[in-house]
Amino acid sequence: MILALTGCSSLLCTDTTAARGEAGVRVQVEDTSGRPLGVTAEVVDWRLEPHPQVPSQGDRVHFHYRFDGADERSGPAVDACAVDKDRVALGCQTVYSSQAFGPDGALTGDDWLSVEHPEQVAGVLLIPNDQSYVGRSCEQDIKDGGGPHPPEPAGRGDQL
């Protein structure tokens with residue numbers, strides 16, 4: 001028996017975007033389905049100070065973070081945001097556990113956030129969605145793309 005498929009002009013490809021998780025100082029990192037990955041990310045401390053390489057640009061947010069339970073090479077990444085008293089993002093960027101260092105799955109690192117009005121910063125929060133792998137969308141690759149994707153990275157003005 002020979003089976004022939006003709007006239008099959010469209011492939012089924014679906015993109016889904018995960019809902020943004022609740023931001024906090026300490027979060028359980030979650031995959032695109034909202035399931036915990038067994039990794040905790042935490043802002044250990046933060047302060048306003050000039051970046052040593054560009055002190056003339058004024059204060060920036062210097063923060064230290066920690067990933068517990070992460071793999072040094074292929075661990076997760078989360079968005080870190082400086083926020084005002086109402087939890088509105090003033091500046092954000094993604095921090096990667098693979099850029100942190102330390103023994104036994106307790107990886108620590110530090111980074112800098114540039115904000116327009118440093119005097120408005122009330123804290124630094126992490127968003128629990130793993131941003132380490134985005135994958136190709138259906139638009140980019142109709143055959144092998146699609147599936148779940150993390151939410152768009154957080155940005156200035158987002159309510160967290």
Side-chain angles (χ1 to χ4, degrees), residues 15-137 139-140 146-160:
D15 287 308
T16 59
T17 302
R20 182 177 288 163
E22 179 71 25
V25 172
R26 181 180 170 93
V27 297
Q28 292 291 321
V29 183
E30 55 191 48
D31 66 14
T32 52
S33 299
R35 290 187 303 262
L37 296 177
V39 175
T40 301
E42 178 179 13
V43 175
V44 178
D45 66 21
W46 68 274
R47 63 187 167 279
L48 296 175
E49 62 185 359
H51 191 288
Q53 294 177 337
V54 285
S56 63
Q57 293 181 0
D59 282 345
R60 293 187 180 183
V61 180
H62 185 202
F63 68 102
H64 290 86
Y65 58 90
R66 175 183 174 118
F67 285 92
D68 286 316
D71 180 324
E72 281 183 5
R73 286 174 240 139
S74 61
V78 295
D79 287 339
C81 297
V83 296
D84 67 11
K85 62 182 175 51
D86 297 319
R87 295 175 58 112
V88 173
L90 302 172
C92 300
Q93 70 181 42
T94 304
V95 292
Y96 295 82
S97 62
S98 61
Q99 294 175 337
F101 304 94
D104 304 323
L107 306 175
T108 59
D110 73 302
D111 218 325
W112 298 81
L113 292 166
S114 181
V115 297
E116 205 170 307
H117 298 285
E119 71 281 359
Q120 294 178 357
V121 176
V124 176
L125 300 178
L126 301 174
I127 299 171
N129 305 88
D130 182 11
Q131 296 284 347
S132 65
Y133 177 75
V134 175
R136 298 178 62 78
S137 68
E139 185 176 308
Q140 294 167 322
H149 301 282
E152 287 295 315
R156 187 172 290 150
D158 287 356
Q159 177 70 51
L160 303 179

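Predicted model only: the values in this text are computed from it and were never measured.
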Sequence neighbours left out, cut at 3.5 Å: what donor-acceptor pairs do the side chains of residues 79-92 make with other protein atoms?
from	atom 1	to	atom 2	distance (Å)
Asp79	OD1	Thr94	OG1	2.6
Asp79	OD2	Ala154	N	2.9
Asp84	OD1	Asp86	N	2.9
Asp84	OD1	Arg87	N	3.1
Asp84	OD1	Val88	N	3.0
Arg87	NE	Leu160	O	3.2
Arg87	NH2	Glu22	OE2	3.2
Arg87	NH2	Ala23	O	2.9
Arg87	NH2	Leu160	O	2.9

Hey, can you pull the donor-acceptor pairs under 3.5 Å for the side chains in residues 106-114, sequence neighbours left out?
from	atom 1	to	atom 2	distance (Å)
Thr108	OG1	Phe101	O	3.4
Asp110	OD2	His62	NE2	2.6
Asp111	OD1	Gln93	NE2	3.0
Asp111	OD2	Gln93	NE2	2.8

Residues 116-127, side-chain donor-acceptor partners within the protein, below 3.5 Å, at least two apart:
from	atom 1	to	atom 2	distance (Å)
His117	ND1	Glu119	OE2	3.4

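Looking only at side-chain heavy atoms (C-beta outward), Thr40 and Val29 stay at 4.5 Å or farther from each other.
Screening residues 28-49 for ring pair (Phe, Tyr, Trp, His ring centres under 6.0 Å) gives no qualifying pairs among residues at least two apart or on separate chains. Applying the salt bridge (Lys or Arg N to Asp or Glu O under 4.0 Å) test to pairs two or more places apart or on separate chains, those with a residue in residues 30-45 are Arg26-Glu42, Asp31-Arg35. The list of salt bridge (Lys or Arg N to Asp or Glu O under 4.0 Å) pairs with a residue in residues 88-99, not counting sequence neighbours, is empty.
Under the side chain to side chain donor-acceptor pair (under 3.5 Å) criterion, Gln57 pairs with Arg60, sequence neighbours left out. In this view, Pro50 and Pro55, Asp59 satisfy the side chain to side chain contact (heavy atoms under 4.5 Å, CB included) rule, not counting sequence neighbours.
The closest donor-acceptor contact from the side chain of Arg156 to the backbone of Val115 lies at 3.5 Å or more, if one exists at all. A donor-acceptor pair under 3.5 Å links the side-chain atoms of Asn129 to the main chain of Gly21, judged by distance alone. The backbone N or O of Pro76 sits less than 3.5 Å from a side-chain atom of Ser97, completing a donor-acceptor pair.
Annotation for Ala41 and Val78: closest pair CB-CG2, 4.2 Å, computed over non-hydrogen atoms.
Between Phe63 and Tyr65, the ring-plane angle classifies as tilted under the 30° and 60° cut-offs.
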